[in-house]
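Side chains included, hydrogens not; waters and symmetry mates left out as well; all remaining heavy atoms used.
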Amino acid sequence: MQTSVTPAHCPYCALQCGMNLTPEQNGGVTVVERPDFPVNRGALCGKGRTAPELLSSRVRLTSPLVRNAGVLTPATWEEALDRIAEGLARTRTEHGPDACGVFGGGGLTNEKAYALGKFARVVLGTSQIDYNGRFCMSSAAAGGIKAFGLDRGLPFPLEDIPRTGCVILVGSNLAETMPPALRYLTELKENGGTLIVIDPRRTRTAEQADLHLAPRPGTDLALALGLLHLIVAEGRTDEAYIQERTSGWEEARAAAMAHWPEYVERITGVPVPQLRETVRLFCEPENAMVLTARGPEQQSKGTDTVGAWINLCLATGRSGRPRSGYGCLTGQGNGQGGREHGQKADQLPGYRKLTDPAARRHVAEVWGVDPDSLPGPGRSAYELLDALGTDIRSLLLMGSNPVVSAPHAAHIEKRIRSLDFLAVADVVLSETAALADVVLPVTQWAEETGTTTNLEGRVLLRRRAITPPSGVRSDLDVLHELAARLGVEKGFPTDPEEVFDELRRASAGGPADYSGITYRRLAEENGVFWPCPAPAADCEDASLDVLPDDPAEDTGSDVAAAGAHPGTPRLFLDRFATEDGRARFVPVSHRPSAEEPDDEYPVLLTTGRVVAQYQSGAQTRRVDELNAAAPGPFVEMHPRLAQRLGAVDGADVAVVSRRGRAVAPARITTSIRPDTVFMPFHWPGEGRANTLTNPALDPTSRMPEFKTCAVRLETVN
């Protein structure tokens, strides 16, 4: 048994809070505060504190399972791996490589995500790979690339938030989704700054705000345009900045001017005086930020909505300046790194485009294959899942639970059941794993070493603290063994540091350049911000400058003095990552949601998280303390809506959409709009919120419209 304390990181959200792990006699670990890690400074939420319970054999898988006569039964690793290889090979032979699908997750380490993308393209030869992060960050990523030429959730570290003058927080409930991050907003207010929260519900986060706007779900785009209209009308634009650092302003301004305040009030329900007060609070300080999360992003117009909020920052001269700008709060633990290194349908490692011939040549050389052998872009996440059982006949799935997390979930469950073959690698027997032909028990956070990239773009080293159970192997072992069985003997090492070193070479020169990052640096420096080119790369690019007025804060200054790149805590200070170095305004206009209320479905449904559960709940629902705090789903509704329905607090109500029906107890509160109901999405079964949600896709990001759909309510006898 290891006896030393191991520095580690929480397995849950994108804060990737630092923690120390001490081994226990029974083979588990105890979580101890780690105040030296700057993101959380020792603070942990209930999920982080109780994470060691997931290591217990009581809740996790410890043996492979194979389906015999319709029942999952224990099997040896050799039998399980042979079964998977045979299933994939048979599909490829009978239907072609694109009949094999691969689905990953935003919780996989960078090494796993990289190896999974390589496995799909080199071993299977399939274009059909995507991951559940498509449901999380894709709209913000697309909006950031359009405007800035680069997507990194936060282009500045969290420590800048308390030092700005005003934060507009759009569609985020940090107090419940990332509790340790709430301290940054508290410190903002203590320093004299202002917090504006935009959310249809008066959440725990909204209660901390100086100003809370409660727009109708699906109208965030109109709201941002109305604010920009007022900024122009009141002469609050930064004309010198617009002239020097941007392009496309005239078109974006013209689009915004069509959204006058009274029109926006009719669309959003936000009173004009609140719109004017928002503009005043945002524009008066020298520095200000807009931070978005899933609220405005999980819409069929999510990319345009993000673009509208970015336009607000550009018009007032905020982006690319110290302690200012636009940022997105990534959700999943490795949601940032997970989309950078190849498990997304259209990307290669280093955030390179799969359609770029130079990118294909570079990565193919690292992989030792012909660039022409690499398949092109495949389907996005929902489209891939929707094609299961028809075009895609077999699926290898790692670290995701789409039976609960996908929109129109009952339909996706049917598609999964219709597959010829399904193999799942996971820590627990999730609702999706329970449908598989083969289930592989894999290592988890405290049992393996690997890197993740948090919401700031800070690459972190998550260290192995304990030995996994004898029946459990790592995902890297799985891919190595499957590759060998499918005829590729080399190129899939099982040592995570060896995989990371290859990832560094593959990412070199790409937008997400990790080539100057090593495990040793990550251990010594509490993480390194990308881009971080290797010493041989051009480190003088002005777009990579670290904030010059406070050198004590520069990450990796000692390493930089020795000739290595220090990493990039703050992006865009001198130029943006576009060809001409200018940020681009994108002209956008309001349009309705894909599904608006009508006589048959007169109420809006929005979904989200609660503090004690995480994502599909596959892990947190197995922790007693968390289940006691949040035992099941509910339907939050306003008293006026409850009165019209005849609903009673605590009694079951049915929520019905065009896609299905969910039943859960009513929770009656004045903290939500009277025209809206809210359901958390962590549970399967009768209360599964994603039975109801709309798979209408954003045309650019392919993000489904999780955040709004039309429903009706029924009492349940």
Side-chain angles (χ1 to χ4, degrees), residues 9 14 16 37-39 109-111 113-114 144 148-160 320 327 330 334-342 347-352 359 362-363 366 450-462 496-548 550-551 553-577:
H9 294 276
Q16 287 295 280
F37 186 63
V39 172
T109 63
N110 290 317
E111 292 81 358
Y114 171 83
F148 306 132
L150 182 69
D151 157 47
R152 196 179 84 184
L154 291 181
F156 40 73
L158 284 163
E159 66 189 34
D160 284 0
T330 306
N334 197 32
Q336 182 67 55
R339 68 181 182 275
E340 295 168 0
H341 296 300
Q347 287 174 355
L348 290 169
Y351 227 145
R352 287 181 159 91
H362 174 87
V363 173
V366 173
T451 62
T452 60
T453 306
N454 81 343
L455 76 172
E456 307 165 291
R458 187 194 304 252
V459 185
L460 304 167
L461 181 62
R462 187 191 287 170
E497 187 168 9
E498 187 176 347
V499 177
F500 187 76
D501 285 342
E502 184 180 306
L503 180 157
R504 293 171 56 210
R505 297 194 301 275
S507 73
D513 191 335
Y514 283 33
S515 60
I517 304 174
T518 64
Y519 271 28
R520 179 178 177 179
R521 285 193 63 180
L522 295 177
E524 292 177 350
E525 300 174 40
N526 258 335
V528 177
F529 291 83
W530 73 260
C532 182
D538 179 8
C539 297
E540 302 301 321
D541 189 328
S543 68
L544 306 181
D545 286 346
V546 178
L547 187 63
D550 196 354
E553 293 182 356
D554 289 359
T555 299
S557 56
D558 292 340
V559 176
H565 191 284
T568 314
R570 298 168 181 88
L571 297 167
F572 313 138
L573 294 182
D574 289 316
R575 68 189 309 275
F576 294 94

side-chain hydrogen bond (donor to acceptor under 3.5 Å, both in side chains) partners of Asn454, counting only residues at least two apart: Glu456

Heavy-atom donor-acceptor pair, Thr518 side chain to Arg521 backbone, under 3.5 Å: yes

Pairwise distance CZ(Phe572) to CZ(Arg152) - rounded to 0.5 angstrom: 8.0 Å

Set of residues satisfying side-chain hydrogen bond (donor to acceptor under 3.5 Å, both in side chains) with respect to Arg352, sequence neighbours excluded: none

Note, Asp513 side chain near His565 side chain (heavy atom, < 4.5 Å): no

Side-chain donor/acceptor of Ser515 to backbone N/O of Ala508, under 3.5 Å: no

CD-CZ distance between Glu497 and Arg504, expressed to the nearest 0.5 angstrom: 9.0 Å

Approximate separation, where rounding is to 0.5 Å, of Gln16 CD and Gln336 CD: 12.0 Å

Set of residues satisfying side-chain hydrogen bond (donor to acceptor under 3.5 Å, both in side chains) with respect to Asn110, sequence neighbours excluded: Asn334, Thr451, Thr453

Set of residues satisfying side chain to side chain contact (heavy atoms under 4.5 Å, CB included) with respect to Pro496, sequence neighbours excluded: Glu111, Thr449, Leu476, Tyr519

Flag side-chain contact, heavy atom, 4.5 Å: His362 against Leu348: no

Parallel, tilted or perpendicular: rings of Phe576 and Phe148 (30°, 60°): parallel

Non-neighbouring partners of Gln347 that pass side-chain hydrogen bond (donor to acceptor under 3.5 Å, both in side chains), sequence neighbours left out: none

Nearest-0.5 Å distance, CG of residue Leu503 to CD of residue Glu340: 9.0 Å

By side chain to side chain contact (heavy atoms under 4.5 Å, CB included) - contacts of Ala506 (at least two apart): Tyr114, Pro349, Val366

His341 side, atom NE2; Tyr351 side, atom OH - distance, nearest 0.5 Å: 10.5 Å

Residues which pass salt bridge (Lys or Arg N to Asp or Glu O under 4.0 Å) with Arg505, listed by chain and number, not counting sequence neighbours: none

Side chains of Leu158 and Pro38 in contact at under 4.5 Å (non-hydrogen atoms): no

